[in-house]
Peer 1: 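Quick one: the structure is below, and I'll ask about it shortly.
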Amino acid sequence: MTAKVTPRSEDYSRWYTDVIQMAELADYAPVKGCMVIRPYGYALWENVKEGLDRRFRATGHVNAYFPLFIPLSFIQKEAEHVAGFSPELAIVTIGGGEELEEPLVVRPTSETIIGYMYSRWIRSYRDLPVLINQWANVVRWEKRTRPFLRTTEFLWQEGHTAHATAEEAQEETLRMLNVYTEFAVEDAAIPVIPGRKSESEKFAGAVTSYTIEAMMGDYRALQSGTSHFLGQNFARAFDIKFLDENNELQYAWTTSWGLSTRMVGGIVMVHGDDQGLVLPPKLAPIQVVIVPIWMEDAQRSRVLEAVYQVEGMLRDQVRVKVDAREEYSPGWKFNEWEMRGVPLRIEIGPKDVEREQAILARRDLPGREGKRTVPRSTLVGEVKETLSAIQSHLYQRALAFRQAHTYDPADYNEFKEAIPNGFAFSWWCGSAECEARIKEETKATIRCIPLEQEPGRGKCIYCGRDAQERAIFARAY
RNA sequence: CGGGGCGUAGCGCAGUUUGGUGAGCGCGCACGGUUCGGGUCCGUGAGGUCGGCGGUUCAAAUCCGCCCGCCCCGACCA
């Protein structure tokens, strides 16, 4: 506890796990690959949930819950889906002490069981669209795990929609990708690149997969949310059919989209520094911490009185906490709350009580630079303004960082030099072979083909043939 | 699944090479005092089947064998 986090420059992944544990976001569970999300980390996740849920509702979605167990045969109904997920399934074969007639899969994702239910619920075009989301846990037996980024069990939301036409489903897919983008940018202060996945990187069973990709502090990419256009693949596998206006039987068009607790890892790696966690105000469980300072007992009650008064002024406007613990010195508390990423600290001591003022200290600006004295009379306004200034500063800083580490290499040699230090935004001919070779030679994969790019043509960074699109290449988590 | 590292008090570690004096150090924890505007200081104290099982030996944290677990790096993935 008294130890400091490992500096990022010394060992980035050690820094990451240090921060996760020391800030008390999560702890390792007794089962390999599993973690306990501690109250502070869970509060952060709950704020992520809230930010998303609000947007899901605003776009017409409703929440529901489907079972954890899926008959093994369901998973096997969609050819690509089974191929993609088989290696990482957890399967239950015994229940109540007896061998089950059919093994049950612990859901790795719910397209199949939801598809099955949709086939029973959808009869007519009037039943469409179906716009359902669920908040759930899923299990994927990953070989290599890291807290939040890849755990055997993780929490997420998965939206599953069914539509009458391909166009409508396509629109939905991009609408939700856009919701993710908006959430990442506005709430998490993480700049992301929305784009399309290559064939080899797309979701098992999808026609087209879309993603938002973010750059972490070590220049690696993190897929932070995905939205899939499933075409009629799952509708055919699960017989999701409806009668259209012309009394003709049609397969529905479906989508699915998800964002997981991985986002928490992204927040840590995008904003954190050598002091520890740095949380964007909109998602921070504690936005403002008030640290009282006193020398003698006589001052104690006066300081505390002022502190609670300030807390009262702020309480219904921001998430505020008073740290009145007597066993720790103010300096200790400063470090503790900085390590835990609280965006704004208010210091109130005897001098401040006397002058009816308080010190504001920003987490995103180190030392003196982030400290400011404000009069009590304007404190509430100042706090709110400062929080929103921190929110936008974090975004701008992350954006500038990504831009500074995004390259447009002139040739493959430059490309190879760029990859360890950031993203390469390069022309790609579209062949899976070039993609595979690049991966083999540089460990970089196509993170996405950005939706927004200037039309034109170029030469594939690998083979030199004509290319119509540029892709983001990077090493990924 | 392959490579590397590690399991000794809640945490971080020393001790293991060369078996044997007392299982130790720092932090944390409890109590008392002191301090408090950037991780106070002092004192007292609690806390350990040395990952597990088996073997060698008069004697094992230390040597041997097997097993288990965790972390990091790779291939696979939200």
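Treat the numbers as computed from the prediction; the structure is a model and nothing was measured. Letters A, B, ... are given to chains in the order of the sequence lines, protein chains preceding strands, and every chain is numbered from 1.
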Peer 1: What nucleic acid atoms does Thr261(A) come within less than 4.0 Å of, heavy atoms only: base, sugar-phosphate, or nothing?
Peer 2: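 Result for Thr261(A) = nothing.
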
Peer 1: Heavy atoms under 4.0 Å, any strand shown: does Thr226(A) hit a base, just sugar-phosphate, or nothing?
Peer 2: nothing

Peer 1: Just name whichever nucleotide pairs with A23(B), Watson-Crick or G-U, keeping both distances under 3.5 Å, else none.
Peer 2: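 For A23(B), the partner nucleotide comes out as none, under the 3.5 Å rule.
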
Peer 1: Distance under 6.0 Å and angle within 45° of the ring axis: does Arg402(A) meet both against Phe423(A)?
Peer 2: no

Peer 1: Trp332(A) side chain: which of A78(B), U40(B), G37(B) is closest?
Peer 2: U40(B)

Peer 1: Would you classify Gly258(A) as touching base, sugar-phosphate or nothing, given that sugar-phosphate means primed atoms plus P, OP1 and OP2, and contacts are heavy atoms under 4.0 Å?
Peer 2: nothing

Peer 1: Hey, could you give me the CG/CG distance between Asn47(A) and Leu52(A), rounded to the nearest 0.5 Å?
Peer 2: 11.0 Å

Peer 1: Rounded to the Å, how far apart are Ile20(A) CD1 and C71(B) C1'?
Peer 2: 15 Å

Peer 1: Taking atom P in both G47(B) and A23(B), what distance in whole Å separates the two?
Peer 2: 15 Å

Peer 1: With heavy atoms under 4.0 Å as the rule, sort Ile359(A) into base, sugar-phosphate or nothing.
Peer 2: base

Peer 1: Could you tell me whether Asp352(A) contacts a base, only the sugar-phosphate backbone, or nothing, with contacts defined as non-hydrogen atoms closer than 4.0 Å?
Peer 2: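 Base, at least one base heavy atom under 4.0 Å.
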
Peer 1: Do Leu25(A) and Leu44(A) come within less than 4.5 Å of each other through their side chains, counting heavy atoms only?
Peer 2: yes

Peer 1: So which nucleotide does A30(B) pair with, by the Watson-Crick or G-U wobble rule with both distances under 3.5 Å?
Peer 2: U44(B)

Peer 1: Please report, rounded to the nearest Å, how far the P atom of G74(B) is from the CZ atom of Arg220(A).
Peer 2: 6 Å

Peer 1: Rounded to the Å, how far apart are His81(A) NE2 and C77(B) P?
Peer 2: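 In whole Å, C77(B) P and His81(A) NE2 are 15 Å from each other.
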
Peer 1: Starting at NZ of Lys202(A) and ending at C1' of C76(B), how long is that distance when rounded to a whole Å?
Peer 2: 18 Å

Peer 1: Can you tell me how far C1' in C66(B) sits from the matching atom in C76(B), rounded to whole Å?
Peer 2: 31 Å

Peer 1: Please give, in whole Å, the distance from C76(B) P to Arg475(A) CZ?
Peer 2: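 In whole Å, C76(B) P lies 13 Å from Arg475(A) CZ.
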
Peer 1: Check whether any side-chain N or O of Lys439(A) sits under 4.0 Å from OP1 or OP2 of C76(B), and answer yes or no.
Peer 2: yes

Peer 1: Rounding to an integer number of angstrom, what distance separates G19(B) and G4(B) when you compare their P atoms?
Peer 2: 27 Å

Peer 1: Expressed in whole Å, how much space separates the C1' atoms belonging to G24(B) and G15(B)?
Peer 2: 8 Å

Peer 1: Under the 3.5 Å rule, do the base of G74(B) and the side chain of Lys143(A) count as making a donor-acceptor pair?
Peer 2: no

Peer 1: Between C72(B), C77(B), G39(B), spot the one nearest the side chain of Arg140(A), thanks.
Peer 2: C77(B)

Peer 1: What contact category does Pro350(A) fall into here, base, sugar-phosphate, or nothing, at under 4.0 angstrom with non-hydrogen atoms?
Peer 2: base

Peer 1: Given atom CE of Met35(A) and atom P of C71(B), what is their separation to the nearest angstrom?
Peer 2: 13 Å

Peer 1: At what distance, to the nearest 0.5 angstrom, does OG1 of Thr373(A) lie from NZ of Lys351(A)?
Peer 2: 9.5 Å

Peer 1: Nearest to the Ser329(A) side chain among G37(B), G38(B), C71(B), which nucleotide is it?
Peer 2: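 Of all the options, the side chain of Ser329(A) is nearest to G37(B).
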
Peer 1: Determine the interatomic distance between C1' on U8(B) and the same-named atom on G48(B); round to the nearest Å.
Peer 2: 8 Å

Peer 1: In whole Å, measure the gap between the C1' atoms of G12(B) and G52(B) for me.
Peer 2: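 Going atom to atom, C1' in each nucleotide, I get 23 Å.
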
Peer 1: For the side chain of Glu88(A), counting heavy atoms from C-beta on, which of C72(B), C77(B), G38(B) is nearest?
Peer 2: C77(B)

Peer 1: Which nucleotide, in any strand shown, forms a Watson-Crick or G-U wobble pair with A60(B), with both distances under 3.5 Å?
Peer 2: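 Looking at the geometry, A60(B) pairs with no nucleotide.
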
Peer 1: Going by number, which of residues 149-160 of chain A have a non-hydrogen atom under 4.0 Å from RNA chain B?
Peer 2: Leu149(A), Arg150(A), Thr151(A), Phe154(A)

Peer 1: To the nearest 0.5 Å, tell me how far Asp323(A) CG sits from Ile290(A) CD1.
Peer 2: 10.5 Å

Peer 1: Using atom C1' in both nucleotides, what's the gap between A9(B) and G26(B) to the nearest angstrom?
Peer 2: 13 Å

Peer 1: Counting heavy atoms not belonging to Glu326(A), are there more than 12 under 6.0 Å from its CD?
Peer 2: yes

Peer 1: Flag this pair as yes if the NZ/CZ of Arg300(A) is under 6.0 angstrom from the six-membered ring centre of Trp294(A) and inside a 45 degree cone about the axis; otherwise no.
Peer 2: yes

Peer 1: Taking atom NZ as the centre, does Lys49(A) end up with more than 12 heavy-atom neighbours from other residues, nucleotides or ligands that are less than 6.0 angstrom away?
Peer 2: yes

Peer 1: Now, which nucleotide makes the Watson-Crick or G-U wobble pair with C77(B), with each of the two distances under 3.5 Å?
Peer 2: none

Peer 1: Mind checking Glu296(A) for me? I need base, sugar-phosphate or nothing, with any heavy atom below 4.0 Å counting as a touch.
Peer 2: nothing

Peer 1: Which nucleotide, in any strand shown, forms a Watson-Crick or G-U wobble pair with G7(B), with both distances under 3.5 Å?
Peer 2: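 With both distances under 3.5 Å, G7(B) matches C68(B).
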
Peer 1: Closest to the Glu338(A) side chain: C72(B), G38(B), C36(B)?
Peer 2: G38(B)

Peer 1: For Lys333(A), answer base if it contacts any base atom (sugar-phosphate contacts may also be present), sugar-phosphate if it contacts only those atoms, and nothing otherwise; contact means non-hydrogen atoms under 4.0 Å.
Peer 2: nothing

Peer 1: Looking at the base of G38(B), is there any donor atom on it, or on the side chain of Arg368(A), that sits under 3.5 Å from an acceptor on the other one?
Peer 2: no

Peer 1: Could you give the CH2-to-C1' distance, from Trp135(A) to A78(B), as a whole number of Å?
Peer 2: 14 Å

Peer 1: On the six-membered ring of Phe148(A), is Arg262(A) placed so that its NZ or CZ lies under 6.0 angstrom from the centre and within 45° of the ring axis?
Peer 2: no

Peer 1: Establish, for the pair Arg345(A) and Phe334(A), whether the NZ or CZ atom is under 6.0 angstrom from the six-membered ring centre and no further than 45 degrees off its axis.
Peer 2: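 That pair qualifies as a cation-pi contact.
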
Peer 1: Counting Watson-Crick and G-U wobble pairs only, both distances under 3.5 Å, name the nucleotide matched with U17(B), or none.
Peer 2: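 Check on U17(B): unpaired, no WC or wobble geometry under 3.5 Å.
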
Peer 1: Over how many whole Å does the gap from Arg146(A) atom CZ to A78(B) atom P extend?
Peer 2: 16 Å

Peer 1: With nearest nucleotide decided by heavy atoms, which residue, Lys443(A) or Tyr328(A), maps closer to the 5′ end of RNA chain B?
Peer 2: Tyr328(A)

Peer 1: Return yes when atom CD of Glu305(A) has more than 12 non-hydrogen atoms of other residues, nucleotides or ligands closer than 6.0 Å, and no otherwise.
Peer 2: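 Counting neighbours around CD of Glu305(A), 12 or fewer heavy atoms of other residues, nucleotides or ligands fall under 6.0 Å, so no.
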
Peer 1: In whole Å, what separates the C1' atom of A60(B) from that of G54(B)?
Peer 2: 13 Å

Peer 1: Considering heavy-atom distances to RNA chain B, does Tyr477(A) or Pro330(A) have its closest nucleotide positioned more toward the 5' end?
Peer 2: Pro330(A)

Peer 1: Which part of the nucleic acid does Arg345(A) contact within heavy-atom distance under 4.0 Å: base, sugar-phosphate only, or nothing?
Peer 2: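 Arg345(A): base contact, heavy atoms under 4.0 Å.
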
Peer 1: Pick base, sugar-phosphate or nothing for Glu142(A), based on heavy-atom distances below 4.0 Å to the nucleic acid.
Peer 2: base

Peer 1: Under 4.0 Å, counting only non-hydrogen atoms across every strand here, what does Gln223(A) touch: a base, just sugar-phosphate, or nothing?
Peer 2: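 Sugar-phosphate: the residue Gln223(A), judged by heavy atoms under 4.0 Å, touches backbone atoms but no base.
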
